[in-house]
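Indexing begins at 1, ligand by ligand and atom by atom, following the structure's order. This is a predicted model, so every value here is computed, not measured. All residue numbers in this chain count up from 1 along the given sequence.
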Amino acid sequence: MGAGLPISIMEPLPERKQLAVAQILKQGRDTLTAVQTADPSAAKGRLREIRRYAADHLPLLLERLRQTLAARYPGLRVKFAATAHEAVDYVRSISRGTTVLTNNSAVVSRELKPGLLAAGFRVINSYAYEFETKQKGIADYWDLPRLLDRNLAVRFDVSRRMAGLEEAEVIREYTALLGVNALAAEDGSVFFLQHFTNIARDLHEAREVVLVAGLDKIVKDAEDALFQTQCMGIFGAESMLFEVQPGAGQKTGEAPGELPASPPGVARGLHLILLDNGRHDLLAGKYRDLFLCIGCRACNQRCPVRHSFAGADYVWTPRNYLKQFLDGKSSSIDTCLHCEGCRLACPLEIDLPHLMWEAKLDYVAKHRVSLGHMVLGRPELIARAGSMAAPLANAALRVGPLRRVMELVPGIHREVRMPAFHRETFAAWFARYGRKGQ
Ligand code: SF4
Ligand code: SF4
């Protein structure tokens, strides 16, 4: 069972579980004195050092971790997976049923879930199921309490420590697939950030527990791992408020239902997947800064287009949006407005807007500019032609077949109401009325 592997769970303190969201909202708005003051700049500085060390020393850390795990936790089943496909194959080989419960980590929901579904697994995000509050939901970023802007923070600390899997009265027949938040090479310590109870429950009940660590989660020692996980909680605390569903009983995810109990006396299994899936390549190229990412989702806090991705089949953040594109899993990076909101919010100052430009340039160099982009990329020419042809151009924009062509080529939906062209340009209008006003 991997006896002795140190597993720590961090939670927002002193509030716990269902209270957490309500407390953050309340502290942010009404009772500021109840919130611990923090120095976000100092925390960012230390976090940057931890992440740079991890990026610069990956082979060393990986070797150290391998030696540590083999020497101290011989019962732990460790799988090094070069690809998501290999990781899914491993899960298939050890799962006894087809039900997999996951946490909300991007490594599981973005990288492994598609392969699990294709392999016939029923995949349930137990975080989404548990996440609800009776508090008013957050409509958009202007509703956020903005704790860090005021040097305030929600405190996160270790609430539970385990050495391997604990004894459980009832073991249930399912596999828990849990993306870890940090893993220490020095002693194998695993850290999770938990807002409610889902991770603790899965560690306690699941017959097979698979810890999934992307190689970017490996840091030097337990102290760094703890700090990195704390930062993930502190900087990402407000992003989770976007997912709050107001009103009891309005769950965001599928319910796992009553999972069958295992026969008495069965042995549980603890596994660790170390997942590369392109991370080594990331370090070697111009998108290297993405390796620094801790997955806190703070970049989501000011993104004006995040609503466009409400239905995305992965944990939406600007960072994940870019990664989906780089991985060839989406064909567009055009929704980004390059407003810099994500860069300013990121505790590691990862320049996502710039990387999105780079990704776009790489894509265009490889695939050339599409006709649609050529048309929409020259709005001044469209405006000049439309103005010269007004009001005929406006009438043409109401013709069904033309709208269908516009939908096919530049991708403008046929139902969208287009602004009208005017024969007189703004410059001409201003010259006329501006002079009159003088
Ligand atoms: S730069 Fe793009 S991804 Fe980042 S916040 Fe602005 S619109 Fe969103
Ligand atoms: S890119 Fe986003 S998720 Fe990654 S560290 Fe920066 S804010 Fe957090």
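- A distance-only check finds no donor-acceptor pair linking the side chain of Arg343 to the backbone of Asp351 [under 3.5 Å].
- Remark: Arg66 qualifies as a cation-pi partner of Phe80 under the 6.0 Å distance and 45° angle criteria applied to the six-membered ring.
- The shortest distance between side-chain heavy atoms of His280 and Leu62 falls below 4.5 Å.
- Partner of Leu322 under the side chain to side chain contact (heavy atoms under 4.5 Å, CB included) criterion, chosen from Thr317, Asp327, Leu355: Leu355.
- Using a 4.5 Å heavy-atom threshold, the side chains of Cys303 and Cys342 count as separate.
- Counting the atoms of ligand 2 from 1 in the order shown, those under 4.0 Å from a heavy atom of Ile294 are 5 (S).
- Atoms of ligand 1 lying under 4.0 Å from at least one heavy atom of His338, given by number and element, are 1 (S), 2 (Fe).
- Only the side chain of Pro353 comes within contact range of ligand 1, with a heavy atom under 4.0 Å; no backbone atom does.
- Of all atoms in ligand 1, listed by their number and element, those nearer than 4.0 Å to a heavy atom of Glu340 are 1 (S), 6 (Fe).
- Figure legend: cation-pi geometry between Arg46 and Phe227, with NZ or CZ positioned under 6.0 Å from the six-membered ring centre and within 45° of its axis.
- Distance from atom 4 (Fe) of ligand 2 to its nearest protein heavy atom, with residue and atom name: Cys293 SG, 2.4 Å.
- Remark: of the listed residues Trp316, Tyr321, Tyr141, Trp316 is the sole one forming a side chain to side chain donor-acceptor pair (under 3.5 Å) with Asn300.
- The shortest separation from a heavy atom of Ala345 to ligand 2 is not under 4.0 Å, leaving the residue out of contact.
- Regarding atom 1 (S) of ligand 1, its nearest protein heavy-atom neighbour is Cys339 N, 3.3 Å.
- Listed by number with element, the atoms of ligand 1 under 4.0 Å from a non-hydrogen atom of Met356 are 3 (S).
- Within the 2.8 Å limit, Cys296 places at least one N, O or S atom next to atom 8 (Fe) of ligand 2.
- In terms of protein heavy-atom proximity, atom 8 (Fe) of ligand 1 is nearest to Cys303 SG, 2.4 Å.
- Every atom of ligand 1 is numbered from 1 in the order shown, and the set under 4.0 Å from a heavy atom of Pro318 is 3 (S).
- In this structure, the protein non-hydrogen atom closest to atom 2 (Fe) of ligand 2 is Cys299 SG, 2.3 Å.
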Check the pair Glu111 / Arg279 against salt bridge (Lys or Arg N to Asp or Glu O under 4.0 Å), numbers first and verdict last. CA-CA 12 Å; Glu111 297 179 57; Arg279 287 168 172 84; 2.7 Å; yes
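- Distance check for Cys342 against atom 6 (Fe) of ligand 2: none of its N/O/S atoms falls below 2.8 Å.
- Every atom of ligand 1 with a heavy atom of Leu337 under 4.0 Å away is listed here by number and element: 2 (Fe), 7 (S).
- Looking from atom 3 (S) of ligand 2 to the surrounding protein, the closest heavy atom is Arg297 N, 3.1 Å.
- At least one side-chain heavy atom of Leu290 sits less than 4.5 Å from a side-chain heavy atom of Leu326.
- At a threshold of 4.5 Å between non-hydrogen side-chain atoms, the residues Leu226 and Ser8 do not count as touching.
- If you look at Arg306 next to ligand 1, there are no close heavy atoms at all, none under 4.0 Å.
- Of all protein heavy atoms, the one lying nearest to atom 6 (Fe) of ligand 2 is Cys346 SG, 2.4 Å.
- Atoms of ligand 2 found under 4.0 Å from any heavy atom of Pro347 (numbered from 1 in listed order, with element): 7 (S).
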Please step through side-chain hydrogen bond (donor to acceptor under 3.5 Å, both in side chains) for the pair His195 and Asn104, ending with a clear verdict. CA-CA 11 Å; His195 291 118; Asn104 205 29; over 6 Å; no
